Every structure is written in C-alpha cells, then in structure tokens.
Amino acid sequence: MKMDWKEIMQQVEQLKDRQTLKFKIPQTFGGGMAVIELNQNYPKNGKKYLLKLGKDENVSPYFDSDKPKDLAKWVADRMGELV
C-alpha cells in the first residue's frame with residue numbers, strides 16, 4: 001500500500017522498541033527494501049530514527065534523523081509501498 005509522507009510520518013512516530021516499518025522500493029529507484037526503525041543506541045550514539053536500505057533489513061543504516069518527517073519524505077518520494 002503506497003502512503004502519503006504524512007501517513008508514513010505518523011506511523012514512524014508511533015514506533016516502539018524492536019518495531020519496524022518496511023517498504024518495497026520500485027526498481028526505478030534501485031529496488032530492494034527500505035526499513036525504518038528506532039535507533040537502539042539513541043541518544044548515546046546517533047539520531048533517533050534509522051533508515052536501512054538494501055535487499056533485506058539486515059544491512060547497515062543508510063540514513064538517520066531525529067525528525068520522522070525526513071525519513072517519511074525520503075520513502076514517499078521513492079514511491080515506497082508498505083509491506
């Protein structure tokens with residue numbers, strides 16, 4: 001299901017420990033999966049939210065931010081589809 005960045009942002013804000021949001025990215029934008037999760041090392045190390053990008057969720061973080069809007073817009077701009 002494709003979502004507007006505002007809808008994605010609301011879901012990101014509701015994430016709890018060990019929860020993730022997974023999005024399928026179309027081939028046009030490189031394919032694979034985009035996974036948004038809370039940073040387990042926050043605030044000691046890094047930003048609050050992590051975006052991982054790859055063939056599955058077991059990859060290093062690609063992007064991090066304290067603002068869920070940044071990650072939500074990144075996924076929405078690449079037409080991510082919630083899995």
Side-chain angles (χ1 to χ4, degrees):
M1 168 173 121
K2 292 183 183 166
M3 301 168 65
D4 177 77
W5 72 266
K6 291 177 184 176
E7 295 171 307
I8 296 170
M9 184 177 75
Q10 289 174 346
Q11 290 205 8
V12 171
E13 290 172 333
Q14 295 174 8
L15 284 175
K16 296 187 181 5
D17 285 346
R18 310 275 184 224
Q19 288 183 325
T20 62
L21 291 174
K22 298 177 186 176
F23 298 90
K24 182 179 175 188
I25 303 296
Q27 275 303 123
T28 305
F29 298 104
M33 298 278 287
V35 180
I36 300 175
E37 62 185 33
L38 289 174
N39 183 353
Q40 299 300 315
N41 297 321
Y42 177 81
K44 188 185 254 186
N45 189 5
K47 309 274 183 176
K48 186 172 183 178
Y49 302 102
L50 298 175
L51 174 79
K52 295 181 176 181
L53 186 63
K55 299 295 178 207
D56 58 33
E57 64 222 51
N58 299 318
V59 294
S60 297
Y62 172 74
F63 179 49
D64 63 353
S65 179
D66 285 327
K67 299 176 184 176
K69 180 180 179 180
D70 296 340
L71 301 174
K73 282 191 169 191
W74 191 96
V75 171
D77 287 349
R78 286 153 186 84
M79 300 170 59
E81 186 175 337
L82 187 63
V83 181

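If you're wondering where the values come from, they're calculated on a predicted model, not measured in any experiment. One is the number of the first residue; the rest follow in order along the sequence.
- The structure places CE of Met9 at 11.5 Å from CE of Met3, a figure rounded to the nearest 0.5 Å.
- Hydrophobic clustering places Phe29 together with Ile8 (ILVMFWY residues linked when any side-chain heavy atoms are closer than 4.5 Å, directly or through intermediates).
- Using a 4.5 Å heavy-atom threshold, the side chains of Glu37 and Arg18 count as separate.
- No more than 12 heavy atoms of other residues, nucleotides or ligands lie within 6.0 Å of OH in Tyr62, so this atom counts as exposed by the packing criterion.
- Between Asp17 and Leu38, the closest heavy-atom pair is N-CD1, 3.8 Å.
- For Asp4, the side chain to side chain contact (heavy atoms under 4.5 Å, CB included) partners at least two apart in sequence or on another chain are Lys6, Glu7.
- Considering only heavy atoms from C-beta on, Val59 stays 4.5 Å or farther from Leu53 through its side chain.
- A continuous path of Ile, Leu, Val, Met, Phe, Trp and Tyr side chains, each step under 4.5 Å between heavy atoms, connects Leu51 with Ile25, placing both in one hydrophobic cluster.
- Closest approach of Met33 to Lys24, counting heavy atoms only: SD-CA, 4.3 Å.
- Tracing side-chain contacts under 4.5 Å through hydrophobic residues (I, L, V, M, F, W, Y), one never reaches Ile36 starting from Trp5; they form parts of separate clusters.
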Going by atom type alone, with no hydrogens or angles, which donor-acceptor pairs under 3.5 Å involve a side-chain atom of residues 70-83 and a protein atom two or more places apart or on another chain?
residue : atom : partner : partner atom : Å
Asp70   : OD2  : Ser65   : OG           : 2.8
Arg78   : NH1  : Trp74   : O            : 3.0

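- In this structure, Tyr49 and Asp64 have side chains that are not in contact, with every pair of non-hydrogen atoms separated by 4.5 Å or more.
- Shown here for Gly31 and Gln27, the closest heavy-atom pair between the two residues is CA-OE1, 3.5 Å.
- At least one side-chain heavy atom of Asp66 sits less than 4.5 Å from a side-chain heavy atom of Lys48.
- A heavy-atom distance below 4.5 Å is not found between the side chains of Lys47 and Asn39.
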